[in-house]
Amino acid sequence: MRLTNESTLRARARKLGYSIHKSRSRSINEDNLGKYALVKEDNKSVVLGERFDASLEEIAEYLT
């Protein structure tokens, strides 16, 4: 089962206690690579994509 639709993936993450944050930076740099980060909601810790370097496919794989 591959979840690549962003809205479906966000709903799945929410059910599991996570949220997906998309980079809003207009310029790509070493600290912000312009993709996504997965954040655990209970303690606001980044579990995947600390530098906004996670793809939706990587997040889907982590959540399954």
- Can you tell me how far CZ of Arg10 sits from CG of Leu56, rounded to the nearest 0.5 angstrom? 8.0 Å
- Could you tell me whether the side chain of Phe52 reaches within less than 4.5 Å of the side chain of His21, counting heavy atoms only? yes
- Message: Starting from Val46, can I reach Tyr36 by hopping between I/L/V/M/F/W/Y residues whose side chains sit under 4.5 Å apart?
- Response: no
- With rounding to the nearest 0.5 Å, note down the distance linking OH in Tyr18 to CG in Leu48. 10.0 Å
- Message: Check for me, please, whether Val39 and Leu9 land in the same ILVMFWY cluster - side-chain distances under 4.5 Å, paths through other members count.
- Response: no
- CG of Leu63 to CD of Glu58: how many Å apart, nearest 0.5 Å? 12.0 Å
- Identify the heavy atoms of Gly49 and Ala37 that sit nearest to each other, and give their distance. O-CB, 3.3 Å
- Query: With sequence neighbours left out, what residues match Glu61 under side-chain hydrogen bond (donor to acceptor under 3.5 Å, both in side chains)?
  - Reply: none
- Looking at residues at least two apart in the chain, or sitting in another chain, which of them share a side-chain hydrogen bond (donor to acceptor under 3.5 Å, both in side chains) with Lys15? none
- Message: Rounded at 0.5 Å granularity, tell me how far OG in Ser45 sits from NZ in Lys40.
- Response: 8.0 Å
